[in-house]
Asks: 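One structure, pasted below without further comment.
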Amino acid sequence: MSEVVWAILLGGAFGFALNRVGATNPEYIINMVRLKDLHLMKVIVFAVGLSSAMLFVALALGWVDVGNLSVKTSYAGVMIGGAIMGVGFAIAGYCPGTGISAAATGRLDAGVFVIGGLLGAFVYMLSYETVKDLGWLNEIFGGKATIAATSHEKYVALIDVLPGPVTAIIIAVVLMTVAAVLPRHIGGKNN
């Protein structure tokens, strides 16, 4: 199957899952950020833990070639951009994935959010050279770094005292445990 078909199928499945858990509703996201309703936080933290464990087990078993991973370079611009995105996430109630999924459900505010994101990407493209000259694209934390060790020599492991799959499974168990013990609501009904 072609990469485009896979992208459409997996993107559609991801969008369906986001809609199913309520992540296309900005009120749920804003309430999560305000620590009022932690349902989405529980889902996100559990999903990150489970998918991390599955990925590193698949890597260890040779089912996934580590060369196919797209590990992004760490640099100050990522931290700055992440902070800007976090503020936008808290204000708008959308991130790129949830915004596109919500727009697909017909939400007008999500459509405006997506257009704003595309406009922001366009402005970044126009200002790229200035951003680069400011040093915001210089590598930090070893450049292409992963939390757990992989068999690929071009990725620096931030935690390399244990084999990657062991580190990933420990982190996954911690995340899934946190997701399990988080209350759904703060100061009110639980689960």
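All values below were derived from every heavy atom in this structure, side-chain atoms included, with hydrogens, water molecules and symmetry-related copies excluded. From a predicted model like this one, the values you see are computed outputs, not experimental measurements.
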Asks: To the closest 0.5 Å, what do you measure between CG (Leu182) and OG1 (Thr177)?
Replies: 11.0 Å

Asks: Give the minimum heavy-atom separation between Ala180 and Lys42, together with the two atoms involved.
Replies: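 In terms of heavy atoms, the two residues are closest at O-NZ, 3.6 Å.
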
Asks: Between Met176 and Phe46, is there a side-chain heavy-atom distance shorter than 4.5 Å?
Replies: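 When only atoms from C-beta onward are counted, Met176 and Phe46 do touch, with a gap below 4.5 Å.
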
Asks: Show the nearest heavy-atom pair for residues Pro183 and Leu38, with the distance to one decimal.
Replies: O-CB, 3.3 Å

Asks: Should Val57 and Ile169 count as side-chain neighbours, where that means a heavy-atom distance under 4.5 Å?
Replies: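 SC-SC contact between Val57 and Ile169 confirmed.
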
Asks: Any side-chain heavy atom of Ser52 sitting closer than 4.5 Å to one from Ile171?
Replies: no

Asks: Evaluate the criterion side-chain contact (heavy atoms from CB on, under 4.5 Å) for residue pair Asn31 and His39; output intermediate values, then yes/no.
Replies: CA-CA 9 Å; Asn31 284 336; His39 167 71; over 6 Å; no

Asks: Does the side chain of Asp37 come within less than 4.5 Å of His185's, by heavy atoms?
Replies: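 Yes, at least one pair of side-chain atoms sits under 4.5 Å.
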
Asks: So Leu126 and Phe122, do their side chains get closer than 4.5 Å, heavy atoms only?
Replies: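 Answer yes - side chains close enough.
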
Asks: In terms of hydrophobic clusters joined by side-chain contacts under 4.5 Å, are Tyr124 and Trp136 together?
Replies: yes

Asks: Do other residues, nucleotides or ligands put more than 12 heavy atoms under 6.0 Å from the CZ atom of Phe14?
Replies: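 Not more than 12 within 6.0 Å, no.
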
Asks: If I take atom CG from residue Asp133 and atom OH from residue Tyr128, how far apart are they, to the nearest 0.5 angstrom?
Replies: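 These two atoms lie 10.0 Å from each other.
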
Asks: Let me check something: do Val166 and Val161 share a hydrophobic cluster, defined by ILVMFWY side-chain heavy atoms less than 4.5 Å apart, either directly or through other members?
Replies: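 Looking at the clustering, Val161 is in the same group as Val166.
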
Asks: Find the distance between CG (Leu40) and CD1 (Ile30) and round it off to the nearest 0.5 Å.
Replies: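 Rounded to the nearest 0.5 Å, the CG-CD1 separation comes to 11.5 Å.
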
Asks: Determine whether Val131 and Ile84 fall in the same hydrophobic cluster, where Ile, Leu, Val, Met, Phe, Trp and Tyr are linked whenever their side-chain heavy atoms lie under 4.5 Å apart.
Replies: yes

Asks: Hey, does Val21 have a side-chain heavy atom less than 4.5 Å from the side chain of Tyr28?
Replies: no

Asks: Looking at Val5, is its backbone amide N or carbonyl O close enough to the side chain of Ser2 to form a donor-acceptor pair, meaning the two atoms are under 3.5 Å apart?
Replies: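 Here the side-chain-to-backbone pair exists.
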
Asks: Indicate the atoms forming the closest heavy-atom contact of Leu18 with Ser101, along with that distance.
Replies: CD1-OG, 3.5 Å

Asks: Between Gly99 and Ala110, which heavy-atom pair has the shortest distance, and what is it?
Replies: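 Closest pair (atom of Gly99, atom of Ala110, distance): O-CB, 3.5 Å.
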
Asks: Do the side chains of Tyr75 and Met79 join up, straight or via other hydrophobic residues, at under 4.5 Å, putting them in one cluster?
Replies: no

Asks: Determine whether more than 12 heavy atoms belonging to other residues, nucleotides or ligands lie under 6.0 Å from atom CE of Met54.
Replies: no

Asks: Any sub-3.5 Å donor-acceptor pair from Asn19's side-chain atoms to Gly15's backbone N or O?
Replies: no

Asks: Can you confirm whether Tyr94 sits close enough to Val114 that some side-chain heavy atom of one is under 4.5 Å from a side-chain heavy atom of the other?
Replies: no

Asks: Any idea which heavy atoms bring Met85 and Cys95 closest together, and the distance?
Replies: CE-CB, 4.1 Å

Asks: Under a 4.5 Å side-chain heavy-atom rule over Ile, Leu, Val, Met, Phe, Trp and Tyr, are Val48 and Val33 clustered together?
Replies: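 Per the 4.5 Å side-chain linkage, Val48 and Val33 are co-clustered.
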
Asks: Where is the tightest heavy-atom contact between Gly93 and Thr98, given as atom of each residue plus distance?
Replies: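 Result for this residue pair: O-OG1, 4.5 Å.
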
